[in-house]
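To keep things clear, I will list the structure first and then write my remarks on it.
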Number of protein chains: 2
Amino acid sequence: MRENKSKYAVLGILSMGPVSGYDIKKVFENIASNFWKESYGQIYPILKGLSEQGLANRSIEKQMGKPDRHIYSITDKGRKVLKKWLIEPVERQIGRHEMPLKLFFGLQVSLEDNIHQVEHFRDLHSGELEDIGSIEERLKAEKVGDPKLEFWLMTLNYGKHANSAILGWCDETLARLRKMEKKTKKEES
Amino acid sequence: MRENKSKYAVLGILSMGPVSGYDIKKVFENIASNFWKESYGQIYPILKGLSEQGLANRSIEKQMGKPDRHIYSITDKGRKVLKKWLIEPVERQIGRHEMPLKLFFGLQVSLEDNIHQVEHFRDLHSGELEDIGSIEERLKAEKVGDPKLEFWLMTLNYGKHANSAILGWCDETLARLRKMEKKTKKEES
DNA sequence: TAGCCCATGTAATTGGTTACATGATTGA
DNA sequence: TCAATCATGTAACCAATTACATGGGCTA
């Protein structure tokens, strides 16, 4: 089964209050960037579909000097559909991870090349960890007393665990690769 | 830039020795299932493309009582293209993680529902950890002395770190959800 | 005898990104 | 004055899965 998760992601944002397609993109970029993303090419057609299926209603908000905002609100039917999806058990999904794939073919390049690749990969993820940290601080300040905050912090914590684990793996892997490097140098001499 | 990584994944398998499309699928399923997968719908057209571009050569192996095997071998040009990709730095990729997405909308369902979901998610990943363990033992026995072994173990270690981190997150998250549950019960009484 | 393994491939469909089109306002 | 932000949407394209088509041999 290949369900359209984007549809539920959008419906989920609507469940927290009426927003525009533009706003939805912003939420994913600014709060949930750590585990989700959506492009406009998905969001706008989905919003159209949701209102056609009676899962959301559209109203237009006029602004001066700026384009009109198309605001969508979730309907009772929409909320029901969302809840049904939320309690459905998640399925196992095999992601595609480029870093281990490249290392799987590591014999094709030099140990030095492999080391550079892992070092670069480590940098990417330590940057991500920092980003999560700043989102966390911002939310803790902005959302005091908001009942959503506790759930949002849990999703940020997911990113913290995932990225720290990768840093740990990088360090172990770099140590192993450097050990191999020393060994081959010894054998050469 | 939206590069075709499947092409390099297939080329990478060919770099380790001549194989058929069927074999390639098996390698991903039995050794690399932890970080990669390919469907026949991708593999066969890619192999066709590779031989058209001079990156692989095809030969046919006849078998009795079984269908012919179409064996592909990598060419020098193919090996060069693969190496170029292997040393290119990996890009940051925002995956889509359904579990934190659902938790992001956690307010829409009961704490109990959230707990069930996380418990189920935990089971999935502890199963995955076990799978990785058995692949590791099998490889250690089968591939003694093979220079690829060390690299393959590093990719398995990636899965170990990633999955252990998720288990840790699940435990923390379950504790937090249960604490919230107790608190709401107290408030009700 | 039902179902899985062997083995190759194509066609249909869905999922997702990127480019394009439009245009005013604001800040560096 | 250049770039960014605000704001909505479509069209073209690429990536990937699933279903379909074929068919013999093996095993529970």
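Convention: sequence-line order gives letters A, B, ...; per-chain numbering from 1.
- Of the side-chain N and O atoms in A/Tyr44, one or more sit less than 4.0 angstrom from OP1 or OP2 of D/dT8.
- The closest side-chain heavy-atom distance from B/Met99 to B/Trp169 is below 4.5 Å.
- Distance B/Gln63 CD to C/dC5 C1': 12 Å, rounded to the nearest Å.
- OP1 or OP2 of D/dA16 has at least one side-chain nitrogen or oxygen of B/Ser6 nearer than 4.0 Å.
- Contact annotation: A/Lys37 side-chain N/O to C/dT17 OP1/OP2 distance is under 4.0 Å.
- Side chain of B/Gln117 to main chain of A/Leu86: a donor-acceptor pair is present (N/O by atom type, distance under 3.5 Å, no hydrogens or angles).
- Around CD of B/Gln63, the count of heavy atoms belonging to other residues, nucleotides or ligands within 6.0 Å exceeds 12.
- Between A/Ile46 atom CD1 and C/dT17 atom C1' there is a gap of 13 Å when expressed in whole angstrom units.
- For the pair B/Arg58 and C/dG9, the criterion of a side-chain N or O lying under 4.0 Å from OP1 or OP2 is met.
- Put simply, CG on B/Asp68 is 10 Å from P on C/dG9, counting in whole angstrom units.
- Between A/Leu47 and A/Lys26, the residue anchored closer to the 5' end of DNA chain D is A/Lys26, taking for each the nucleotide with the nearest heavy atom.
- Here the P atom of nucleotide C/dC6 and the CD atom of B/Glu61 are 14 Å apart, to the nearest Å.
- The pair A/Lys5-A/Glu38 does not count as a salt bridge, with every side-chain nitrogen at least 4.0 angstrom from each carboxylate oxygen.
- The side chain of B/Ser20 places an N or O atom within less than 4.0 Å of a non-bridging phosphate oxygen (OP1 or OP2) of C/dT8.
- Annotation: of the two residues near DNA chain D, B/Gln42 and A/Lys48, the 5′-most nearest-nucleotide partner is A/Lys48.
- Listed candidates were C/dG16, D/dT10, D/dT18. Nearest to the side chain of A/Pro45 is D/dT10.
- Across the protein-nucleic acid pair, A/Tyr22 atom OH and D/dC6 atom C1' stand 5 Å apart, rounded to whole Å.
- Closest to the A/Tyr72 side chain, of the nucleotides C/dG9, C/dT10, D/dG9, is D/dG9.
- Residues B/Lys66 and A/Gly41 each lie close to DNA chain C; by heavy-atom proximity, the contact nearer the 5' end of the strand is made by B/Lys66.
- Rounding to whole angstrom units, CG of residue B/Asp23 and C1' of C/dG9 are separated by 16 Å.
- Counting non-hydrogen atoms under 4.0 angstrom, A/Lys25 reaches nothing in the nucleic acid.
- Two residues are said to be in side-chain contact when any heavy atoms from C-beta on lie closer than 4.5 Å; B/Val10 and B/Ile13 fail this criterion.
- An OP1 or OP2 oxygen of D/dA15 is reached within less than 4.0 angstrom by no side-chain nitrogen or oxygen of A/Arg96.
- Regarding A/His70, its NE2 atom lies at a distance of 13 Å from the C1' atom of D/dC6, rounded to whole Å.
- Atoms CZ (B/Arg69) and P (D/dG25) sit 18 Å apart, rounded to a whole Å.
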